[in-house]
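What follows is a single structure, written as structure tokens, with notes after it.
Here, residue 1 is the first one in the sequence, and each next residue gets the next number.
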Amino acid sequence: QRQIITPPMRKAWFSLSIVNDGPSNCWIIVNSEKSSTTPYDLGVGEVYEVDMGSPKISDIIAYCDSGTARLRIKGVR
């Protein structure tokens, strides 16, 4: 099941960090309307970081092919 995560109060993030605590790998898409259709494969124990340099990150989509994953997401405004 795809989860759509948005910044609080719809104020875009400058950067974000996502840590996958597992137990499954997951797929990450940043800025779903503007991104390519190729998601980032985030493995268990890995960290994915994005810095746009200005407030451009409006949403994140996260999903697993099978199983679940616990993600720690830190957005910076």
Side-chain angles (χ1 to χ4, degrees):
Q1 178 179 359
R2 289 180 178 226
Q3 295 289 320
I4 299 173
I5 299 108
T6 57
M9 300 172 57
R10 299 273 188 208
K11 294 191 176 189
W13 288 316
F14 282 69
S15 63
L16 65 89
S17 174
I18 304 172
V19 179
N20 183 355
D21 290 329
S24 301
N25 288 5
C26 67
W27 297 97
I28 303 293
I29 300 172
V30 176
N31 287 339
S32 59
E33 290 185 16
K34 298 176 185 174
S35 290
S36 69
T37 56
T38 306
Y40 181 80
D41 184 9
L42 184 61
V44 176
E46 291 182 353
V47 178
Y48 178 56
E49 296 181 324
V50 176
D51 186 350
M52 298 285 194
S54 60
K56 295 181 181 175
I57 302 172
S58 59
D59 70 359
I60 305 161
I61 294 178
Y63 62 96
C64 298
D65 286 333
S66 63
T68 61
R70 182 181 179 113
L71 303 177
R72 288 182 280 151
I73 301 169
K74 179 182 178 182
V76 176
R77 169 101 177 92

Just how far is it from atom [atom1] of [X] to atom [atom2] of [Y], taken to the nearest 0.5 Å?
X: T68; Y: Q1; atom1: OG1; atom2: CD; answer: 11.5 Å
X: Q3; Y: I28; atom1: CD; atom2: CD1; answer: 11.0 Å
X: N20; Y: I73; atom1: CG; atom2: CD1; answer: 10.0 Å

In this structure, would [X] and [Y] fall into the same cluster of hydrophobic residues linked by side-chain contacts under 4.5 Å?
X: F14; Y: I18; value: no
X: I61; Y: V19; value: no
X: I5; Y: L71; value: yes
X: L16; Y: V76; value: no
X: V44; Y: L42; value: no

Q | With sequence neighbours excluded, residues passing salt bridge (Lys or Arg N to Asp or Glu O under 4.0 Å) with R2 | A | none
**Q.** CZ (R70) with more than 12 external heavy atoms under 6.0 Å
**A.** no
Q | Closest heavy-atom pair and its distance - C26, A69 | A |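 Nearest heavy atoms, C26 then A69: CB-CB, 4.2 Å.
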**Q.** S58 backbone acceptor or donor facing N31 side chain under 3.5 Å
**A.**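 Flag set: sc N31 to bb S58 pair under 3.5 Å.
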Q. Mind checking what makes side-chain contact (heavy atoms from CB on, under 4.5 Å) contact with D41, not counting sequence neighbours?
A.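 For D41, the residues satisfying side-chain contact (heavy atoms from CB on, under 4.5 Å) (neighbours in sequence not counted) are N25, W27.
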Q.
Show me the pairs that pass side chain to side chain donor-acceptor pair (under 3.5 Å) and involve residues 45-56, at least two apart or across chains.
A. none
